Engineer: 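Sharing a structure here in structure tokens format.
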Amino acid sequence: MKTSEAGEKTRNFIEEIIERDIESGKHGGRVLTRFPPEPNGYLHIGHAKSICLNFGLAQKYGGKTNLRFDDTNPTKEDVEYVDSIKEDIKWLGFSWANEFYASDYFEQLYQWALDLINKELAFVDDQTQEEIRLNRGTVTQPGKNSPFRDRSVEENLDLFSRMRAGEFPDGSRVLRAKIDMAHPNMLMRDPILYRIIHAHHHRTGDEWCIYPMYDFAHGQSDSIERITHSICTLEFDVHRMLYDWFIEKLEIFPSHQYEFARLNLTYTVMSKRKLLQLVQENFVDGWDDPRMPTICGLRRRGYTPESIRTFAERVGVAKRDNIIDLSLLEFYLREDLNKRAERRMAVLEPIKVIITNYPEDKTEDIHAVNNPEDEAAGKRTIPFGREVYIERNDFMEEPPKKFFRLAPGREVRLRYAYLIRCNEVIKDENGEVVELHCTYDPESAGGKSSDGRRVKGVIHWVPVKHAIKAEVRLFDRLFQNEDPNDVPEGTDWKTGINPDSLKVIEGFVEPSLANAEPLQSFQFERLGYFNVDYDSKPNKLVFNRTVTLRDSWAKISTKK
RNA sequence: UGACCCAUGGUGUAAUGGUAGCACAGCAGAUUUUGGUUCUGUCAGUCAAGGUUCGAAUCCUUGUGGGUCAACCA
């Protein structure tokens with residue numbers, strides 16, 4: 001929870017509403033929210049915000065949250081999605097009170113449709129889809145009544161039951177509410193309640209061939225479950241009038257809808273349509289590609305549920321459109337990983353160092369702390385020998401100002417091991433540095449100088465003899481521009497895709513990583529946080545770079 | 001162009017008629033066997049114009065800017 005400087009609690013507008021409701025005794029102080037995904041795709045970070053909001057609110061006010069699948073369109077939905085959605089919610093750390101489906105309510109919804117027909121508030125329309133569209137008018141012009149609008153209750157009842165019985169082909173008839181074709185809110189211009197779809201539904205099979213529209217299912221489903229606070233995103237604002245209309249006409253439990261602004265992140269897209277396109281057109285390797293903003297993608301990338309939850313809580317809940325800095329998400333990720341990820345050493349772009357005064361066949365154990373933020377994480381040993389790999393960019397033949405790593409004649413600390421000094425630079429015929437000949441100070445075991453001289457540079461290393469080769473996947477942002485949706489008229493949004501969002505390299509890691517398991521996270525010292533990919537095997541390690549460490553040297557050096 | 005929603009530093013969010021605060025990002029410094037972490041400092045904001053009021057980010061009006069709505073999608 002956020003607190004102001006004085007320490008008193010501040011609430012978002014939904015929390016204020018709930019507190020007011022509890023105080024006034026509305027619903028007997030009861031709080032019941034719901035998370036209502038349509039099982040037609042994978043969940044992304046935007047859904048995570050909604051999940052954290054719905055479940056978080058219930059937790060905060062002693063209530064519960066239902067998981068309800070909004071499965072009213074059989075042509076788009078599948079159990080595959082149901083399963084992944086459940087997995088993702090659980091992974092985020094939430095448990096639902098009940099698992100419901102809008103399709104559980106199909107019979108009740110049908111009865112309510114009958115009810116509306118009997119009240120002369122609904123009618124069967126024989127117009128074609130095209131005619132309906134044309135007669136709806138536009139945002140500035142009123143629509144025209146359907147010629148079938150005044151059918152008798154008996155005829156409507158007959159036709160609607162025959163729609164259900166399967167007597168008519170897809171698209172031939174719909175059931176519409178009878179409201180007002182001149183209403184300024186387009187949603188109120190005799191909205192469609194039921195359409196005919198002869199398709200197999202992932203739960204109800206072939207039991208139905210008419211399916212309710214979102215508007216005729218969502219509010220009533222809330223009502224059936226006695227949801228007290230139905231929270232959704234801004235674009236449903238205009239639907240609220242209809243939501244309330246059904247509740248009023250049907251005289252059912254008055255759930256209420258509240259809208260908040262959906263989450264947007266810089267350098268990524270969030271719409272299901274665009275995400276699907278990225279997958280189908282092979283810009284990424286699938287829904288769980290670590291570059292995707294999907295929950296499964298973030299999980300594979302190495303994000304922790306805790307960091308996502310903290311992020312969701314801290315971005316706030318309001319009604320204005322927003323686009324949040326990816327760096328805020330990364331901040332909470334690093335904050336979390338810093339506390340829990342064990343440190344390891346890995347060299348991504350190696351250059352060999354030979355310590356000329358170190359005995360050829362000697363190996364000794366170096367003790368390294370696993371996590372300076374957590375003493376309980378203990379220590380591990382790393383073998384040290386005459387040859388080690390260091391990072392290529394930790395050496396510069398002609399070091400610029402403020403560079404305090406290795407250079408000819410300079411001394412640097414090999415982390416946890418010894419101080420070494422570079423004496424000789426070996427190059428190949430192209431002038432490329434291939435090897436560094438150094439000497440070590442035998443008195444500097446553990447990396448401490450015996451005479452008190454200060455050595456500022458500390459670099460990581462991996463022993464050549466015990467190094468394990470590993471594939472390392474380096475990810476960068478998927479888009480080059482902050483707002484990939486903001487492209488000039490007529491330009492494809494995909495032109496903004498970053499062609500270098502994935503770089504696969506071969507590096508070396510220290511031997512203690514030999515048995516690392518998929519999804520385990522580590523900090524490779526001075527490089528970043530990396531986790532083990534699903535593709536990893538004991539003899540073929542694969543690491544994903546989750547996020548780099550903050551790097552103030554990179555800032556200094558690129559500024560020049 | 002109609003209806004509705006929204007407008008506070010670069011980004012996000014608080015202040016509920018009474019001192020515009022917090023976080024991220026940026027910048028500067030201290031500490032450091034990770035150029036990490038931690039700590040300190042710093043830059044920077046109420047869309048505009050009127051009105052109400054002792055007092056307005058907050059209420060009202062108008063304007064401006066952004067968003068949503070014209071699927072038998074959700």
Side-chain angles (χ1 to χ4, degrees), chain A residues 2-6 10-13 16 36-38 40 70-73 75-77 102 125 128-129 132-134 136-143 170-176 183-189 192-197 211 213-215 217-218 232 234-241 259 261 266 272 314-332 334-335 338-339 343 345 368-369 372-373 402-405 413-417 419 446-448 455-460 482 523-528 548-557:
Chain A
K2 294 173 308 231
T3 49
S4 71
E5 196 183 19
T10 67
R11 295 161 226 84
N12 64 51
F13 78 99
E16 286 178 5
E38 180 186 16
N40 69 342
D70 236 330
D71 55 349
T72 56
N73 186 347
T75 63
K76 295 190 171 179
E77 297 147 8
D125 196 345
T128 63
Q129 189 164 344
I132 289 177
R133 188 175 63 78
L134 257 22
R136 184 149 33 219
T138 69
V139 288
T140 49
Q141 291 166 307
D170 287 7
S172 57
R173 285 187 166 86
V174 291
L175 182 73
R176 300 178 74 176
H183 200 105
N185 182 341
M186 299 293 290
L187 262 330
M188 300 300 276
R189 321 246 262 224
I192 292 168
L193 271 30
Y194 271 91
R195 72 289 215 197
I196 300 170
I197 304 176
Y211 289 90
M213 295 286 287
Y214 165 85
D215 286 302
H218 201 100
C232 62
L234 247 32
E235 65 270 28
F236 290 98
D237 184 310
V238 287
H239 292 254
R240 193 179 58 239
M241 188 177 279
E259 311 87 16
T266 54
K272 249 179 209 174
R314 302 303 292 274
V315 291
V317 178
K319 294 191 77 157
R320 68 169 150 157
D321 297 312
N322 60 75
I323 179 161
I324 291 163
D325 258 322
L326 184 62
S327 56
L328 186 64
L329 212 210
E330 292 179 338
F331 170 81
Y332 292 116
R334 291 193 184 102
E335 182 181 62
N338 178 50
K339 284 182 297 192
R343 316 286 129 121
M345 291 203 285
V369 304
E373 308 292 318
K402 288 193 179 167
F403 182 86
F404 31 81
R405 278 114 95 145
R413 174 180 295 111
L414 288 181
R415 179 137 230 230
Y416 297 124
L419 298 178
K448 270 192 274 291
V455 174
K456 182 142 187 168
V458 183
I459 64 176
H460 59 275
E482 274 201 6
Q523 182 195 103
F524 288 174
E525 295 220 30
R526 304 209 304 134
L527 296 174
T548 61
L549 253 25
R550 286 185 65 205
D551 187 350
S552 48
W553 166 245
K555 276 181 201 157
I556 296 168
S557 57

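All figures in this text were calculated on a predicted structure; none of them were measured in a lab.
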Engineer: What's A/Met213 touching, base or sugar-phosphate or nothing? Going by heavy atoms closer than 4.0 Å.
Structural biologist: sugar-phosphate
Engineer: Measuring only between side-chain heavy atoms, which start at C-beta, is A/Leu329 closer than 4.5 Å to A/Ile324?
Structural biologist: no
Engineer: What about A/Tyr214 and A/His239, are their ring centers closer than 6.0 Å?
Structural biologist: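 They qualify: ring centres under 6.0 Å apart.
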Engineer: Roughly how far apart, to the nearest Å, are B/A70 and B/G2 at atom C1'?
Structural biologist: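 After rounding to an integer number of Å, I get 11 Å for this pair.
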Engineer: With rounding to whole Å, what would you report as the distance between B/G12 and B/G17 at their C1' atoms?
Structural biologist: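 About 26 Å, rounded to a whole number of Å.
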Engineer: When the distance from CZ of A/Arg314 to C1' of B/A14 is rounded to whole Å, what number comes out?
Structural biologist: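 After rounding, the gap between these two atoms is 12 Å.
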Engineer: Expressed in angstrom and rounded to an integer, what is the separation of A/Phe13 atom CZ from B/C5 atom P?
Structural biologist: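 That distance rounds to 13 Å.
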Engineer: Looking only at the side chain of A/Met186 (C-beta and beyond, no hydrogens), which of the listed nucleotides B/C69, B/C73, B/C6 gets closest?
Structural biologist: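 Of the candidates, B/C69 comes closest.
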Engineer: How would you label the contact of A/Thr138 with the nucleic acid (heavy atoms, under 4.0 Å): base, sugar-phosphate, or nothing?
Structural biologist: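 Base, at least one base heavy atom under 4.0 Å.
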Engineer: Can you find a heavy atom in the side chain of A/Val369 that is under 4.5 Å from one in the side chain of A/Tyr416?
Structural biologist: yes
Engineer: Just to be sure I understand the rule, does A/Lys272 reach a base, reach only the sugar-phosphate, or reach nothing, if contact means heavy atoms closer than 4.0 Å?
Structural biologist: nothing
Engineer: Could you classify B/A71 for me, syn or anti, using a glycosidic angle within 90° of 0 as syn?
Structural biologist: syn
Engineer: Are the side chains of A/Lys272 and A/Asn40 in contact, using a 4.5 Å heavy-atom criterion?
Structural biologist: yes
Engineer: Separation of A/Asn185 atom CG from B/U68 atom C1', in whole Å?
Structural biologist: 11 Å
Engineer: Let's see if you can work this out: which of B/A3, B/C24, B/C72 has an atom nearest to the side-chain heavy atoms of A/Val174?
Structural biologist: B/C72
Engineer: Give me the distance, rounded to whole Å, that separates B/A44 from B/A28 when you measure between the C1' atoms they each carry.
Structural biologist: 15 Å
Engineer: Is the shortest side-chain N/O distance from A/Arg195 to OP1 or OP2 of B/A74 below 4.0 Å?
Structural biologist: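 Answer yes for this pair, as a side-chain N or O of A/Arg195 is under 4.0 Å from OP1 or OP2.
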Engineer: Can you give me the dot-bracket string for RNA chain B, 5' to 3', counting Watson-Crick and G-U wobble pairs with both distances under 3.5 Å, using [ ] for crossing pairs and | for partners on another strand?
Structural biologist: .((((((..((((....[..)))).(((((.......)))))....(((((..]....))))))))))).....
Engineer: Determine, stepwise, if the pair A/Leu414 / A/Ile459 fulfils side chain to side chain contact (heavy atoms under 4.5 Å, CB included).
Structural biologist: CA-CA 5 Å; A/Leu414 288 181; A/Ile459 64 176; 3.8 Å; yes
Engineer: Measuring only the P atom in each nucleotide, how far is B/A25 from B/G66? A whole number of Å is fine.
Structural biologist: 30 Å
Engineer: Check whether any side-chain heavy atom of A/Trp553 sits under 4.5 Å from a side-chain heavy atom of A/Lys402, and report yes or no.
Structural biologist: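 In contact.
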Engineer: Counting just side-chain N and O atoms, does A/Thr72 come under 4.0 Å of either OP1 or OP2 of B/A74?
Structural biologist: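 For B/A74, OP1/OP2 do have a side-chain N/O of A/Thr72 under 4.0 Å.
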Engineer: From the set B/C72, B/A71, B/G26, return the single nucleotide nearest to any side-chain atom of A/Ile192.
Structural biologist: B/C72
Engineer: Looking only at atom C1', what distance separates B/U46 and B/G65, rounded to whole Å?
Structural biologist: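 Between the two C1' atoms, the distance is 16 Å.
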Engineer: Quickly work out the A/Asp125 CG to B/C72 P distance and round it to whole Å.
Structural biologist: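 Interatomic distance, CG of A/Asp125 to P of B/C72: 11 Å.
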Engineer: Round to the nearest Å and state the distance from A/Glu77 atom CD to B/C73 atom P.
Structural biologist: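 Interatomic distance, CD of A/Glu77 to P of B/C73: 11 Å.
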Engineer: Does any non-hydrogen side-chain atom of A/Asp237 lie less than 4.5 Å from one of A/Leu234?
Structural biologist: no
Engineer: Indicate, with a heavy-atom threshold strictly under 4.0 Å, whether A/Gln129 touches base, sugar-phosphate, or nothing.
Structural biologist: base
Engineer: Counting C-beta onward and ignoring hydrogens, is there a side-chain heavy-atom pair between A/Met186 and A/Met188 closer than 4.5 Å?
Structural biologist: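 Of all side-chain heavy-atom pairs linking A/Met188 with A/Met186, none is under 4.5 Å.
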Engineer: To the nearest Å, give me how far apart CG (A/Asp325) and P (B/G26) are.
Structural biologist: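 Interatomic distance, CG of A/Asp325 to P of B/G26: 9 Å.
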Engineer: Are the side chains of A/Asn73 and A/Arg195 in contact, using a 4.5 Å heavy-atom criterion?
Structural biologist: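 Answer yes - side chains close enough.
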Engineer: Please name the pair of heavy atoms, one in A/Asn338 and one in A/Glu373, separated by the smallest distance, quoted to 0.1 Å.
Structural biologist: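 Minimum heavy-atom separation between A/Asn338 and A/Glu373: O-CG, 3.4 Å.
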Engineer: Mind checking the C1' distance from B/A7 to B/U42? Whole angstroms is fine.
Structural biologist: 28 Å
Engineer: Does the distance from a Lys or Arg side-chain N to an Asp or Glu carboxylate O, for A/Glu259 and A/Arg240, drop under 4.0 Å?
Structural biologist: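 A salt bridge links A/Glu259 with A/Arg240.
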Engineer: In whole Å, measure the gap between the C1' atoms of B/G45 and B/C24 for me.
Structural biologist: 16 Å
Engineer: With a non-hydrogen cut-off below 4.0 angstrom, is A/Arg136 in contact with a base, only sugar-phosphate, or nothing?
Structural biologist: sugar-phosphate
Engineer: Can you check the A/Leu234 CG to B/U68 C1' distance for me, whole Å?
Structural biologist: 8 Å
Engineer: If a protein heavy atom is under 4.0 Å from the base, mark B; if only from the sugar-phosphate, S; if neither, -; do that for nucleotides 35-44 of chain B going 5' to 3'.
Structural biologist: BBS-------
Engineer: Is there side-chain contact between A/His460 and A/Leu527, with heavy atoms separated by less than 4.5 Å?
Structural biologist: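 A side-chain contact under 4.5 Å exists here.
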Engineer: Select one nucleotide: of B/U34, B/A74, B/G67, the one nearest the side-chain heavy atoms of A/His239.
Structural biologist: B/A74
Engineer: Distance check needed: B/G66 P versus A/Ile323 CD1, whole Å only.
Structural biologist: 16 Å
Engineer: For the C1' atoms, the ones on B/U32 and on B/U37, what distance do you get once it is rounded to whole angstrom?
Structural biologist: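 It comes out at 9 Å once rounded to the nearest Å.
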Engineer: Just to be sure I understand the rule, does A/Tyr194 reach a base, reach only the sugar-phosphate, or reach nothing, if contact means heavy atoms closer than 4.0 Å?
Structural biologist: nothing
